[in-house]
Amino acid sequence: MSTSDWQKSSHCAESSNCIQLAVTGPRVSIRESTEPGAIVTTTPARLRAFLDAVKAGALDAPRQA
């Protein structure tokens, strides 16, 4: 995978510490820009389910009282 295949969020702006995505066929690869060798690969459906769960707060830690 070449460096031109990786895309970062527009929310990263000028930051050098960003999450990057690359689509390769039926798979989505994810990496952090500061650790480009550590790559997680998944499917679009699983990535969507993860992002939906994050947005819904389903993965939030319980609040301490």
Side-chain angles (χ1 to χ4, degrees):
M1 206 172 314
S2 74
T3 36
S4 64
D5 296 332
W6 292 97
Q7 297 179 24
K8 67 178 183 175
S9 168
S10 59
H11 296 284
C12 288
E14 298 300 318
S15 174
S16 61
N17 188 12
C18 297
I19 298 296
Q20 300 174 326
L21 298 174
V23 177
T24 333
R27 310 292 286 173
V28 178
S29 297
I30 306 163
R31 71 179 185 182
E32 186 176 344
S33 58
T34 58
E35 293 288 334
I39 299 170
V40 174
T41 303
T42 189
T43 64
R46 287 186 176 187
L47 179 58
R48 170 57 50 209
F50 172 74
L51 293 174
D52 288 345
V54 169
K55 290 176 184 178
L59 304 176
D60 292 351
R63 295 182 186 239
Q64 299 292 325

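Since the structure is predicted, the reported quantities are computational estimates derived from the model, not experimental observations.
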(request) With sequence neighbours excluded, tell me which residues meet side-chain contact (heavy atoms from CB on, under 4.5 Å) with Ala53. (result) Ala58, Leu59

(message) Per the salt bridge (Lys or Arg N to Asp or Glu O under 4.0 Å) rule, what does the pair list look like for residues 32-51, sequence neighbours excluded?
(response) Arg48-Asp52

(message) One pair to check against side-chain contact (heavy atoms from CB on, under 4.5 Å): Thr43 and Arg27. What are the steps and the verdict?
(response) CA-CA 5 Å; Thr43 64; Arg27 310 292 286 173; 3.1 Å; yes

(message) With rounding to the nearest 0.5 angstrom, report the CD to OG1 distance, Gln20 to Thr34.
(response) 9.0 Å

(request) Write down the atom of Ala38, the atom of Arg31, and the distance for their closest heavy-atom approach. (result) O-CB, 3.5 Å

(request) Indicate the atoms forming the closest heavy-atom contact of Trp6 with Ser29, along with that distance. (result) CZ3-O, 3.5 Å

(message) Holding to side-chain contact (heavy atoms from CB on, under 4.5 Å), I want the full list of residues that pass it with Ile30, two or more places apart in sequence or in another chain.
(response) Ile19, Leu21, Val28, Thr42, Leu47

(message) Can you give me the closest heavy-atom contact between Pro26 and Pro44, atom names plus distance?
(response) O-CD, 3.3 Å

